[in-house]
Amino acid sequence: MDKILDFIAGIGRTLLDMVRMAGQVTLFGLLAVSHLVRPPFYWRTFWGSLVEIGFFSLPVVALTALFSGGVIALQSYTGFAQYHAQSAIAGIVILAVTRELGPVLAGLMVAGRVGAAMSAEIGTMRVTNQIDALSTLSTNPIKYLVTPRLLAGTLALPFLVIVADILGVMGGFIVCVMKLNFVPQAYISATLSSFKMMDVTVGLAKAAIFGFLIALMGCYHGYHSRGGAEGVGAATTAAVVAASILLLTFDYLLTDVFFSQ
């Protein structure tokens with residue numbers, strides 16, 4: 001009986017810790033967002049973060065999207081060929097890329113690259129007392145370190161998703177034309193007929209939310225890291241894992257809201 005009670009108590013403690021963490025992250029995010037409308041705004045930090053998140057993430061996002069589009073086309077052909085429905089492949093590729101794979105894959109790549117970097121940078125500043133030094137110099141650490149990164153993440157990821165959408169569709173086109181012997185004009189015509197602006201718009205809205213969540217997780221875990229180099233490493237891992245889980249969770253919720261009918 002004691003073991004059962006201990007097990008139930010452990011579940012309860014875990015749930016309370018999760019609720020507490022969610023509340024702390026929410027308050028941290030709201031505080032950071034509130035500084036957007038209160039001057040000053042640190043443009044230098046913002047532009048540096050925008051370049052770091054957007055420009056330097058282009059190669060990994062581009063390669064991921066290109067090969068993912070090709071894989072979708074190849075796997076779709078394997079299934080649809082059994083029912084002589086190869087003409088639907090173009091529509092499947094553009095639908096999957098613009099609605100889901102563009103935002104999700106770009107978000108996951110950025111979470112692994114940028115979320116970890118943000119957490120490590122801010123965490124290092126925390127354990128070396130640089131954040132305390134900012135407070136001593138009458139500079140609000142959240143306004144200086146967190147707010148510009150949140151805005152940069154929110155704005156940069158949609159641009160990356162636009163690139164991912166284009167290259168993902170291009171990857172499907174390349175595979176279908178060069179490997180599966182599709183007629184290029186027919187494939188392009190089928191792609192254009194399946195294109196819906198609503199799919200792209202929802203994908204970009206997802207990307208903006210994903211960018212905010214990635215930056216929020218990176219900044220939050222770095223800002224609250226403790227325990228020297230080991231603590232920074234733990235914070236970096238936690239930031240990437242939390243951002244990835246939140247990204248997939250919100251992807252489902254947003255898909256349910258926009259496309260459940």
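Residue indices begin at 1 and follow the sequence shown. These values consider heavy atoms only, across backbone and side chains, with no hydrogens, waters or symmetry-generated copies. Because the structure is predicted, anything quoted here is derived from the model rather than measured.
Each of H224, R149, H221 was scored for a side chain to side chain contact (heavy atoms under 4.5 Å, CB included) with I122, with one residue passing: R149. Of the listed residues (I162, T98, I209, L157), just one forms a side chain to side chain contact (heavy atoms under 4.5 Å, CB included) with L204, and that residue is I162.
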Applying side-chain contact (heavy atoms from CB on, under 4.5 Å), run through I142 and Y223 and close with a yes or a no.
-> CA-CA 9 Å; I142 292 181; Y223 193 86; 3.9 Å; yes
Apply side-chain contact (heavy atoms from CB on, under 4.5 Å) to R99 and T255, showing your working.
-> CA-CA 8 Å; R99 279 193 184 186; T255 301; over 6 Å; no
Would you check, one step at a time, whether the test side-chain contact (heavy atoms from CB on, under 4.5 Å) holds for L155 with F46?
-> CA-CA 11 Å; L155 296 179; F46 168 74; 3.9 Å; yes
Using the side-chain contact (heavy atoms from CB on, under 4.5 Å) rule, take F28 and C219 through it: C-alpha gap first, then chi angles, then the decisive distance, then the call.
-> CA-CA 9 Å; F28 183 83; C219 293; 4.3 Å; yes
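Around CE of M198, the count of heavy atoms belonging to other residues, nucleotides or ligands within 6.0 Å exceeds 12.
Remark: L50 CG to L151 CG distance equals 8.0 Å, nearest 0.5 Å. With rounding to the nearest 0.5 Å, the separation of CG in N140 from CG in L134 is 9.5 Å.
Note on L254: it clusters hydrophobically with V104, by side-chain heavy-atom contacts below 4.5 Å among ILVMFWY residues. Follow the hydrophobic side-chain contacts under 4.5 Å out from I245 and you never reach M21; the two are in separate clusters. Cluster membership check: W43 shares its hydrophobic cluster with L150, using side-chain heavy-atom separations under 4.5 Å among Ile, Leu, Val, Met, Phe, Trp and Tyr. At a threshold of 4.5 Å between side-chain heavy atoms, the hydrophobic network of Ile, Leu, Val, Met, Phe, Trp and Tyr places V175 and L95 in two separate groups.
With sequence neighbours left out, L63 forms a side chain to side chain contact (heavy atoms under 4.5 Å, CB included) with F67.
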